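Predicted model, so just to flag it, every value in this text is computed and none were measured.
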Amino acid sequence: MARLQIRNLEKTYANTFKAVHGINLDVNDGEFMVLVGPSGCAKSTTLRMIAGLESISGGDVVIGDRVVNRLQPGARGIAMVFQNYALYPHMKVRKNLSFGLRLQGASKAEIERKTNDVARILEIEELLDRLPKQLSGGQAQRVALGRALIKEPEVFLFDEPLSNLDAKLRASMRVRITDLHKRLKQEGMSSTVIYVTHDQTEAMTMGDRICVMKDGHIMQVADPKTLYDRPANAFVAGFIGSPEMNLIDGRLDGNQFHIGDQALSLPDELMARLQEPAGHVTLGIRPQHLRVGAEHGLKAHVTGAEFMGHEVVLHLSVADARLVAVLPAADYVDLERETAVTLNLDPGKAHVFDQSGENISLSQLH
C-alpha cells in the first residue's frame, strides 16, 4: 500500500488553456478515493497526470515517499483500468492477465501462480482460455481488473471503468469492485484506489472519501455522508444527491425569505446557524426534506408526479422556481396538474448559500 499526495498540481496546454488550477489532495494508504464531477472538470486529466500519461505543468505527484513527476508510467508503481478495458484481442484471457509479468521476466511458476490466484479472486477461472471477443462486458471488465491486480501496484487508478456497461451490470460491478478493495485491504495487499467517474451514484456508493471537482478546481473533499449533509457550496449541494437539491434564489430580510410575491418564515433553528443572515441568498433543501400540506409555507402548484412504487416524485412551481419533492407512497394523494399545495421544509436539513455559492449555514449543523 502507499499514500498518494498531489501538491499544487497544475496543467496548462500549449494554447494557454489552464485545465487544472493548483489542486492539493492527500489519499491515505488503503483508501478508496473517488474523483467526481461533470464532463470537462479535469478529473480524468488529473488521473492521467498521476499515471504519467499526461505531462505536469506545475506541482508534484508523490507516491509513497517518491516524487514521480519525471518517472515513466511503468516505474510509478501504479496500475490503470480504462473505460474500454484495453485487452489484447489476439490473446486469451490467461495471456492478457500475465502479459505484464512476462515482460518483467517472471518465472513460469510465478506467472502461473499469480494468474491462478487473480482468476480465483475475481471468479474468472472458467474464462482463462477464452478470447476477449468471447467475453461479455462484465467479464471483460473483470479481466481488466485482473490485469491491474496481478501487477501488485502501490496504487490502482480507475478511469470511468463502468461507463460502457448497462445499468444492472454497473450496479453489480460496483459491489464487486468495492468488495475486492475490502478483501485486498484485509489481506494486507495493495489497495489504495483513485477512481474517476461522472456518476455521483457510483461516487456515493463506492468511495471512502469523494473529491468533487469543477473546472479544474476541487470544490470539497469529504466522506459521502458529509457531502450529502454538509455541502460546502451550492455546486456540491446541487451535484450530490438524486434528485438533486432544490436551490431557490431569493432575498433574506430578517427571518423572512422572499421569493416572488411570497415570504417564507425561516425557523429559528436555521436562522441560528447563519453566519451572514441578510441580502440575496439561495435557499437549499433536498426533495426528501420538503413537506407538502403544511398550513403555513410557500404556495406552490403541482406540475407533474412520478409514481416510483415506494415513493412519489412531485414536480412543483413556486413563482419562477421549479422544485421537486419526494414523498412516501403511503402518503401519496393523487394530485392533478395545477393543484395548489403548501410547502414547508425540515429546518434541520435546510441550507443557505451566499451570492458566491458558499454555504453560510453550516455552523452547528448535524
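- N164 and N84 are not linked by any side-chain donor-acceptor pair at a separation below 3.5 angstrom, with hydrogens and angles left out of the test.
- Relative ring orientation between Y88 and H90 is described as perpendicular, the plane-to-plane angle rising above 60° on a 0-90° scale split at 30° and 60°.
- A donor-acceptor contact closer than 3.5 angstrom links the side chains of E202 and Y195.
- A donor-acceptor pair is defined here as one N or O able to donate and one able to accept, closer than 3.5 Å; no such pair exists between the side chain of K18 and the backbone of G216.
- In this structure, L343 CG and L290 CG are separated by 5.5 Å, a value rounded to the nearest 0.5 Å.
- When atom types are taken as modelled, the side chain of R183 and the backbone of I121 share a donor-acceptor pair closer than 3.5 angstrom.
- Residues Q288 and E311 are not in side-chain contact: their nearest non-hydrogen atoms beyond the backbone lie 4.5 Å or more apart.
- Using modelled atom types and a 3.5 Å distance limit, the side chains of H21 and E10 yield no donor-acceptor pair.
- Once rounded to the nearest 0.5 Å, the distance linking CD of Q220 with CZ of R209 reads 11.5 Å.
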In a table with atom names and distances, give each donor-acceptor pair under 3.5 Å that connects a side chain of residues 67-80 to protein atoms at least two apart or in another chain.
residue	atom	partner	partner atom	Å
N69	OD1	V61	N	2.9
N69	ND2	G59	O	2.8
N69	ND2	D60	OD1	3.2
R76	NE	V68	O	3.2
R76	NE	L71	O	2.9
R76	NH1	M49	O	3.0
R76	NH1	I50	O	2.9
R76	NH2	V68	O	3.0
R76	NH2	N69	O	2.9
R76	NH2	L71	O	3.1

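- Of the possible polar contacts, one joining the R142 side chain to the L122 backbone as a donor-acceptor pair under 3.5 Å is found.
- Panel note: side chain T339, backbone V302; no donor-acceptor pair is recorded below 3.5 Å.
- Within a 6.0 Å sphere centred on NE2 of H258, other residues, nucleotides and ligands contribute more than 12 heavy atoms.
- Of the candidates R322, E306, H301, E306 is the only one forming a side-chain contact (heavy atoms from CB on, under 4.5 Å) with H315.
- Defined by atom type and a distance below 3.5 Å, a donor-acceptor pair is present between the side-chain atoms of D159 and S44.
- Put simply, the side chain of R147 reaches to within 4.5 Å of the side chain of L87, judged on heavy atoms.
- A side-chain donor-acceptor contact under 3.5 Å links R7 and Q5.
- Of all heavy-atom pairs between M219 and M213, the closest is CG-C, 4.2 Å.
- Shortest non-hydrogen contact noted between G207 and V34 is CA-CG2, 3.6 Å.
- Side-chain N or O atoms of E31 include one that pairs as donor or acceptor with a backbone N or O of N28 at under 3.5 Å.
- Linking Ile, Leu, Val, Met, Phe, Trp and Tyr residues whenever their side-chain heavy atoms come within less than 4.5 Å leaves L314 and V324 in two separate clusters.
- Side-chain contact between M173 and Q141: present, with at least one pair of heavy atoms (C-beta onward) separated by less than 4.5 Å.
- Looking only at side-chain heavy atoms (C-beta outward), L25 and T46 stay at 4.5 Å or farther from each other.
- Side chain of N344 to backbone of R291: no donor-acceptor contact under 3.5 angstrom is found.
- In this structure, the side chain of N359 does not engage the main chain of F353 through any donor-acceptor pair within 3.5 Å.
- Rounding to the nearest 0.5 Å places CG of L345 at 7.0 Å from CG of L266.
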For this session: Would you sort out whether E160 and K43 count as a side-chain contact (heavy atoms from CB on, under 4.5 Å), showing the intermediate values?
Result: CA-CA 10 Å; E160 308 236 25; K43 55 189 183 295; 3.8 Å; yes

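- One finds the CG atom of L298 at 6.5 Å from the CD1 atom of I259 (value rounded to the nearest 0.5 Å).
- Under the 3.5 Å distance criterion, with hydrogens and angles disregarded, a donor-acceptor pair is assigned to the side chains of D354 and S356.
- Using a 4.5 Å heavy-atom threshold, the side chains of Q256 and L252 count as separate.
- Side-chain contact between L323 and S317 is absent, with no heavy atoms from C-beta onward closer than 4.5 Å.
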Problem set entry | Chi angles and distances behind the salt bridge (Lys or Arg N to Asp or Glu O under 4.0 Å) call for E112, R94 | CA-CA 9 Å; E112 183 175 1; R94 188 184 303 277; over 6 Å; no

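- A 6.0 Å sphere centred on CG of D268 holds no more than 12 heavy atoms belonging to other residues, nucleotides or ligands.
- Contact of the I285 side chain with the M245 side chain is not registered, since no non-hydrogen atoms from C-beta on lie closer than 4.5 Å.
- Under a hydrophobic clustering in which Ile, Leu, Val, Met, Phe, Trp and Tyr are joined whenever their side-chain heavy atoms come within less than 4.5 Å, directly or via other members, L157 and L53 fall into the same cluster.
- The shortest distance between side-chain heavy atoms of T45 and R48 does not fall below 4.5 Å.
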Problem set entry | side-chain contact (heavy atoms from CB on, under 4.5 Å) between I248 and T282, intermediate numbers included | CA-CA 5 Å; I248 313 165; T282 298; 5.6 Å; no

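- Not one N or O on the side chain of S242 forms a donor-acceptor pair closer than 3.5 Å with the backbone of E244.
- Salt-bridge check for E154 with R66: passed, with a basic side-chain N closer than 4.0 Å to an acidic carboxylate O.
- Of all heavy-atom pairs spanning G137 and L169, the tightest one is C-CD2, 4.3 Å.
- Expressed to the nearest 0.5 Å, how far NZ of K299 lies from CG of L316 amounts to 13.5 Å.
- Using bins of under 30°, 30° to 60° and over 60° for the plane-to-plane angle, the ring pair F158/F32 lands in the parallel bin.
- A salt bridge links E152 to K114: at least one charged side-chain nitrogen sits closer than 4.0 Å to a carboxylate oxygen.
- When hydrophobic clusters are built by joining Ile, Leu, Val, Met, Phe, Trp and Tyr residues whose side-chain heavy atoms come closer than 4.5 Å, directly or via intermediates, M271 is grouped together with V281.
- V118 and L128 fall within a single hydrophobic cluster, where Ile, Leu, Val, Met, Phe, Trp and Tyr are joined by side-chain heavy atoms under 4.5 Å apart, directly or via other members.
- Of all heavy-atom pairs between Y228 and P231, the closest is O-CD, 3.8 Å.
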For this session: Show your reasoning for whether side-chain contact (heavy atoms from CB on, under 4.5 Å) applies to L162 and I177.
Result: CA-CA 10 Å; L162 308 184; I177 291 172; 4.1 Å; yes

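- For K92 (side chain) and L131 (main-chain N/O), no donor-acceptor pair under 3.5 Å exists by modelled atom type.
- Considering CD of E123 and CZ of R176, their distance stands at 5.0 Å, rounded to 0.5 Å.
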Problem set entry | side-chain contact (heavy atoms from CB on, under 4.5 Å) assessment of R230 paired with H351 | CA-CA 9 Å; R230 300 174 60 87; H351 301 267; 5.6 Å; no

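- A salt bridge is defined here as a Lys NZ or Arg NE, NH1 or NH2 lying under 4.0 Å from an Asp or Glu carboxylate O, and R120 with E125 fails to meet this definition.
- Listed here is the closest heavy atom pair of I210 and A203: CD1-O, 3.3 Å.
- Pairing each heavy atom of H181 with each of V193, the nearest pair is CD2-CG2, 3.8 Å.
- Side chain of T178 to backbone of R174: a donor-acceptor contact under 3.5 angstrom is found.
- Side-chain contact annotation: S55 with K11, donor-acceptor N/O pair under 3.5 Å present.
- In terms of hydrophobic clustering, with Ile, Leu, Val, Met, Phe, Trp and Tyr side chains grouped at heavy-atom distances under 4.5 Å, I56 and L4 are assigned to a common cluster.
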